[in-house]
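Let me begin by presenting the structure, written as structure tokens, before commenting on it.
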Amino acid sequence: MPNPAPPSRPVQVAASRARGPGMAEERRGSWFGFGFCGFGQAPGSGRGRQVLSPEPLQTPGSGADVRRVSASWSYTALVTRGGQVRLSGAARGAAGGCRDAWASEALLVVLRAGPGRGAGPELQAWAPASAMRGEPLWARALGPEAEAEGAARGEPPAGALPLLPLLPGARAYVSPRPPFCRALAPELRARRLELGAEHALLLDEAGQVFSWGQGRHGQLGHGSLEAEPEPRLLEALQGLPVAEVAAGGWHSVCVSETGDIYIWGWNESGQLALPSRSLAEDTKTIPREASGLNEDGSEVRRTAKGEDGAPAPFIAIQPFPALLDLPLGADVVKASCGSRHTAVVTGKYGQLGHKDTTSLDRPCRVEYFVDKQLQVRAVSCGPWNTYVYAVEKEGS
């Protein structure tokens, strides 16, 4: 009879805040989760299909120091500072010697330490149901230069942006579909890469954005619904230094270095924070519609009923980047996308804005973190859920 599993404990990590030369103050931080958990993935217990309010992330055992979270639809991968990957949900298991993990329904991709001294890290792809036991589906040694790059980068803080699916050296990335390892042109000089359901976004070292893949929902941002087989510069944002990119199922987000947020693609569930047809106030009947294009190329449909009796516009597809105005003029520092929702962290207050399963088409602050006097530092969206890393506010 197997030994009973140790009790689950909230995931806590320590974050450093510089106080002066050679000095740092430790501030305790924790991961929280909310949204779909129908497969028992963190933070769920398996007793319900969704968590409507943020809950502290639970992980088996003690001393867990989670620094990254990667979520797929049916399971979640937690990467600890001690080099473990722990799975919860439809896929379960744990493995050591890991530096990073990237979860998808088709593959669990893990970056592990090399087999011997002087060897570079090894990229492994596993079937999620394998619990990382036996042999991986495929493996690739990345070479000593990737090891040197990792050492130069140092240990990232909790909640830092994950490297995967971009590989060390930034000359290739992992895809959940064959070919699993895809080369990037060296001149792209990638520093971040994000994958949506059918498209990819790349942020280069100069702060420029490139996109490619399917474009039928406007997710590429080039003004059309055509596919792009190769990375293409997003001309609408050319000259605007971008700090972050995020790819949802069929929509895209970028954050400029000055804290502005631009968003484009499919708006079926209001994930662009633009007026959505499916969320129209009169949901009982939808009259015959007239469609057309805005000046910026976005597809507009008009119903016969507006508040003043005039046709009320809504945005179905936004094929160009649109500047999003957040409440109180907040500046955005981080963003993440799920399949049909978007979450952002603002810099001034460290608060989180998102569209949850209530399908709002306007930004809505998660009051939980305000009430608990927590400052949000990072956000990571799964397809149908959201994970947040937060620290206690000073003086709380």
Side-chain angles (χ1 to χ4, degrees), residues 1-14 29-33 35-47 51 55-116 119 121-142 150 155-160 162-165 174 176 180 378 380 382-383 385 387-389:
M1 183 174 181
N3 294 327
S8 295
R9 301 170 184 258
V11 175
Q12 289 193 319
V13 292
S30 299
W31 282 93
F32 300 82
F36 176 73
C37 58
F39 294 91
Q41 62 265 54
S45 61
R47 293 189 294 269
V51 174
E55 294 184 2
L57 214 57
Q58 306 288 324
T59 186
S62 61
D65 190 2
V66 173
R67 60 183 175 87
R68 289 180 184 171
V69 177
S70 180
S72 187
W73 175 59
S74 66
Y75 73 100
T76 299
L78 308 177
V79 183
T80 74
R81 195 175 298 278
Q84 272 203 329
V85 169
R86 302 182 180 188
L87 307 180
S88 68
R92 294 183 179 273
C98 301
R99 299 181 177 180
D100 198 8
W102 180 69
S104 73
E105 289 301 294
L107 294 174
L108 169 66
V109 179
V110 178
L111 189 65
R112 305 186 82 165
E122 184 174 72
L123 188 70
Q124 298 178 349
W126 298 82
S130 71
M132 293 181 285
R133 295 176 180 171
E135 295 295 325
L137 297 175
W138 56 267
R140 176 178 174 179
L142 298 181
E155 181 74 9
L163 177 68
L164 292 175
V174 177
F180 297 118
S380 177
N385 48 30
Y387 296 90
V388 173
Y389 172 67

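Quantities reported herein were computed from a predicted structural model and do not represent experimental measurements.
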Check: Quick one: does L78's side chain get under 4.5 Å of Y387's, heavy atoms only?
Finding: no

Between [X] and [Y] (side chain of the first, backbone of the second, donor and acceptor by atom type, cut-off under 3.5 Å), is there such a pair?
{"X": "S70", "Y": "A103", "answer": "yes"}
{"X": "Y75", "Y": "S104", "answer": "yes"}
{"X": "S88", "Y": "A42", "answer": "yes"}
{"X": "Y389", "Y": "V69", "answer": "no"}
{"X": "D65", "Y": "T80", "answer": "no"}
{"X": "R112", "Y": "G96", "answer": "yes"}

Note to self: I'd like to check the side chain to side chain contact (heavy atoms under 4.5 Å, CB included) partners of A139; sequence neighbours left out, ordered by chain and number.
What the structure shows: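 By the side chain to side chain contact (heavy atoms under 4.5 Å, CB included) rule, A139 matches E122, Q124, P136.
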
Please find the pair of heavy atoms, one from [X] and one from [Y], that lie closest to each other, and give the distance.
{"X": "R99", "Y": "V79", "result": "O-CG1, 3.9 Å"}
{"X": "R92", "Y": "G40", "result": "NH2-O, 3.7 Å"}
{"X": "V85", "Y": "A77", "result": "CG1-CB, 4.4 Å"}
{"X": "T76", "Y": "A71", "result": "OG1-CB, 3.9 Å"}
{"X": "D100", "Y": "L164", "result": "OD2-N, 2.9 Å"}
{"X": "A127", "Y": "L137", "result": "N-CD1, 3.6 Å"}

Next item on the list: Mind checking the CG-CH2 spacing from L107 to W102? Nearest 0.5 Å is all I need.
Entry: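 Answer for the CG-CH2 pair, L107 versus W102, is 7.5 Å.
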
Next item on the list: Report the distance from atom CG of L123 to atom CZ of F180, rounding to the nearest 0.5 Å.
Entry: 11.5 Å

Checklist line | Mutual orientation of the aromatic rings belonging to W73 and F39 [parallel < 30°, tilted 30-60°, perpendicular > 60°] | finding: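 Correct class here is perpendicular.
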
Notebook entry, point to check: For S74, what residues pass the side-chain hydrogen bond (donor to acceptor under 3.5 Å, both in side chains) criterion, not counting sequence neighbours?
Noted result: E105

